[in-house]
**Student:** 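Next up is a structure, given as C-alpha cells.
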Amino acid sequence: MKIEHIAIWTNNIERLKRFYEKYFNGQSNNKYINSKKHFESYFLQFDGGSRLELMKKEEIPATKNNVYAQFTGIIHIAFSVGSKEQVDKLTKQLKEDGFEVLDGPRTTGDGYYESTVLDPDGNRIEITV
C-alpha cells in the first residue's frame with residue numbers, strides 16, 4: 001500500500017497551487033469545479049507519484065489551530081529534496097521570499113536533516129534529505 005494523496009482546505013486555492021508548483025515542483029491538473037456544491041479543487045502530482053489535493057469551498061471555516069503550537073492530528077507534510085545542500089538552498093529561498101522558517105536546517109536527534117517552514121496558509125512543511 002501507499003498513501004495516494006493528502007488534501008488541504010484553503011481559502012486561496014490559486015495562491016497555494018502556485019506555492020507548491022514553484023517550490024516543490026508539483027504538476028497540477030486542470031481545476032475541477034462543481035458549481036452546484038460551490039467546490040473547487042486541484043490535484044498536484046510530485047516525483048514518486050504522491051499527490052496533494054487543494055480544495056476550496058466557501059463555507060469551510062478557517063482553522064482554529066495555532067500554527068506555532070503542536071496539536072493532535074496531521075501536523076506536517078514532508079518533502080524529500082535529495083541532499084543537505086538542497087534542504088539548505090530551498091529553505092534559504094523560502095525565507096528570502098518571505099515564508100516563515102520555524103526550525104532548521106538542522107540534524108535531529110534521530111538523524112534527519114531537515115527544516116520546517118510554513119506555506120502561505122500556515123501549514124507546516126518539513127523539508128528533508
Side-chain angles (χ1 to χ4, degrees):
M1 281 190 220
K2 68 176 184 174
I3 293 175
E4 204 285 331
H5 76 271
I6 295 171
I8 299 175
W9 285 113
T10 182
N11 290 322
N12 193 330
I13 196 167
E14 300 300 331
R15 177 184 68 184
L16 213 54
K17 179 176 97 60
R18 286 189 305 272
F19 175 83
Y20 285 100
E21 288 174 329
K22 178 177 181 177
Y23 297 104
F24 297 96
N25 301 319
Q27 300 295 312
S28 179
N29 69 340
N30 293 326
K31 184 191 283 185
Y32 169 73
I33 299 174
N34 183 325
S35 55
K36 184 176 181 180
K37 293 187 177 187
H38 307 282
F39 174 82
E40 302 174 7
S41 72
Y42 285 109
F43 273 98
L44 286 91
Q45 176 116 12
F46 299 90
D47 290 344
S50 60
R51 298 191 311 158
L52 181 63
E53 183 180 16
L54 305 178
M55 306 180 307
K56 179 181 177 187
K57 193 172 185 181
E58 294 301 325
E59 60 264 25
I60 301 297
T63 183
K64 295 183 182 188
N65 294 322
N66 176 342
V67 299
Y68 301 106
Q70 300 286 347
F71 49 86
T72 58
I74 295 173
I75 193 64
H76 71 258
I77 299 170
F79 286 91
S80 171
V81 295
S83 70
K84 287 182 176 184
E85 294 77 22
Q86 285 302 106
V87 172
D88 294 344
K89 181 180 176 183
L90 182 54
T91 304
K92 182 178 185 243
Q93 181 181 5
L94 286 161
K95 185 175 184 174
E96 288 173 355
D97 290 351
F99 297 99
E100 188 168 356
V101 176
L102 296 178
D103 193 22
R106 68 187 184 97
T107 302
T108 64
D110 56 355
Y112 278 91
Y113 189 75
E114 67 183 27
S115 65
T116 304
V117 301
L118 296 178
D119 77 7
D121 283 0
N123 299 301
R124 288 174 179 245
I125 300 170
E126 184 177 284
I127 303 166
T128 188
V129 175

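Predicted, not measured: the structure shown is a model, and the values here were computed from it.
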**Student:** Ignoring hydrogens, what is the shortest heavy-atom contact between Val87 and Val129? Give both atom names and the distance.
**Tutor:** CG2-N, 3.7 Å
**Student:** Apply the test side-chain contact (heavy atoms from CB on, under 4.5 Å) to residues Lys92 and Lys95: give CA-CA distance (whole Å), side-chain angles for both, the deciding distance (0.1 Å), then the verdict.
**Tutor:** CA-CA 5 Å; Lys92 182 178 185 243; Lys95 185 175 184 174; 5.8 Å; no
**Student:** For the atom pair CG (Leu16) and CD1 (Ile8), what is the distance rounded to the nearest 0.5 Å?
**Tutor:** 5.5 Å
**Student:** Return the minimal non-hydrogen interatomic distance between Gln93 and Lys22, and the atom names on each side.
**Tutor:** NE2-CE, 4.3 Å
**Student:** So, Lys89 and Glu85, do they make that salt bridge, N to O below 4.0 Å?
**Tutor:** no
**Student:** In Å, rounded to the nearest 0.5 Å, how long is the span from OG1 of Thr10 to CZ of Arg15?
**Tutor:** 6.0 Å
**Student:** Distance-only, no hydrogens or angles: does the Thr107 side chain make a donor-acceptor pair with backbone N or O of Tyr113 under 3.5 Å?
**Tutor:** no
**Student:** Which heavy atom of Ile3 sits nearest to which heavy atom of Ile6, and what is that distance?
**Tutor:** CG2-CG1, 4.2 Å
**Student:** With sequence neighbours excluded, tell me which residues meet salt bridge (charged side-chain N to carboxylate O under 4.0 Å, His left out) with Asp110.
**Tutor:** none
**Student:** In Å and rounded to the nearest 0.5 Å, what is the NZ to CD distance from Lys56 to Glu40?
**Tutor:** 5.0 Å
**Student:** How would you list, by chain and number, every residue that makes a salt bridge (charged side-chain N to carboxylate O under 4.0 Å, His left out) with Glu100, sequence neighbours excluded?
**Tutor:** none
**Student:** Looking at CG of Asp121 and OG1 of Thr63, how far apart are the two atoms once the value is rounded to the nearest 0.5 Å?
**Tutor:** 10.0 Å
**Student:** Are more than 12 heavy atoms, taken from residues, nucleotides or ligands other than Tyr112, located less than 6.0 Å from that residue's OH atom?
**Tutor:** no
**Student:** Can you tell me how far CD of Gln45 sits from OG of Ser50, rounded to the nearest 0.5 angstrom?
**Tutor:** 7.5 Å
**Student:** Just wondering, are more than 12 heavy atoms of other shown residues or ligands nearer than 6.0 Å to CG in Asn34?
**Tutor:** yes
**Student:** Taking all non-hydrogen atoms of both residues, which atom of Glu21 and which atom of Gly26 are closest, and how far apart?
**Tutor:** CG-O, 3.3 Å
**Student:** So, using side-chain contact (heavy atoms from CB on, under 4.5 Å) as the criterion, who are the partners of Glu53 when residues are at least two apart?
**Tutor:** His5, Ala7, Phe39, Ser41, Phe43, Met55
**Student:** Listed by chain and number, what are the salt bridge (charged side-chain N to carboxylate O under 4.0 Å, His left out) partners of Arg124, not counting sequence neighbours?
**Tutor:** none
**Student:** Work out which heavy atom in Glu59 is nearest to a heavy atom in Lys37; give both atom names and the distance.
**Tutor:** OE2-O, 4.4 Å
**Student:** For Tyr20 and Asp119: C-alpha separation, side-chain torsions, deciding distance, then whether side-chain contact (heavy atoms from CB on, under 4.5 Å) applies.
**Tutor:** CA-CA 9 Å; Tyr20 285 100; Asp119 77 7; 2.6 Å; yes
**Student:** Tell me if the CG atom of Asp47 is crowded by more than 12 foreign heavy atoms within 6.0 Å.
**Tutor:** no
**Student:** Using every non-hydrogen atom in the two residues, find where Ile13 and Leu54 come nearest and quote the distance to one decimal.
**Tutor:** CD1-O, 3.4 Å
**Student:** Test Leu90 against Leu94 for side-chain contact (heavy atoms from CB on, under 4.5 Å), laying out the working first.
**Tutor:** CA-CA 6 Å; Leu90 182 54; Leu94 286 161; 3.9 Å; yes
**Student:** Provide the full list of ring-ring contact (aromatic ring centres under 6.0 Å, His included) pairs with a residue in residues 74-97, sequence neighbours left out, each pair given once.
**Tutor:** Phe24-Phe79, Phe46-Phe79
**Student:** Transitively linked via ILVMFWY side-chain contacts under 4.5 Å: Leu118 with Ile127?
**Tutor:** no
**Student:** Determine which pairs satisfy ring-ring contact (aromatic ring centres under 6.0 Å, His included) with at least one residue from residues 84-103, sequence neighbours left out, and list them in order.
**Tutor:** Phe19-Phe99, Tyr23-Phe99
**Student:** Could you give the distance from CD (Glu14) to OG (Ser28), rounded to the nearest 0.5 Å?
**Tutor:** 8.5 Å
**Student:** Going by side-chain hydrogen bond (donor to acceptor under 3.5 Å, both in side chains), Ser115 matches just one of Asp103, Thr128, Thr91. Which one?
**Tutor:** Thr91
**Student:** State plainly whether one hydrophobic cluster holds both Tyr68 and Val117, where clusters connect Ile, Leu, Val, Met, Phe, Trp and Tyr through side-chain heavy atoms under 4.5 angstrom apart.
**Tutor:** no
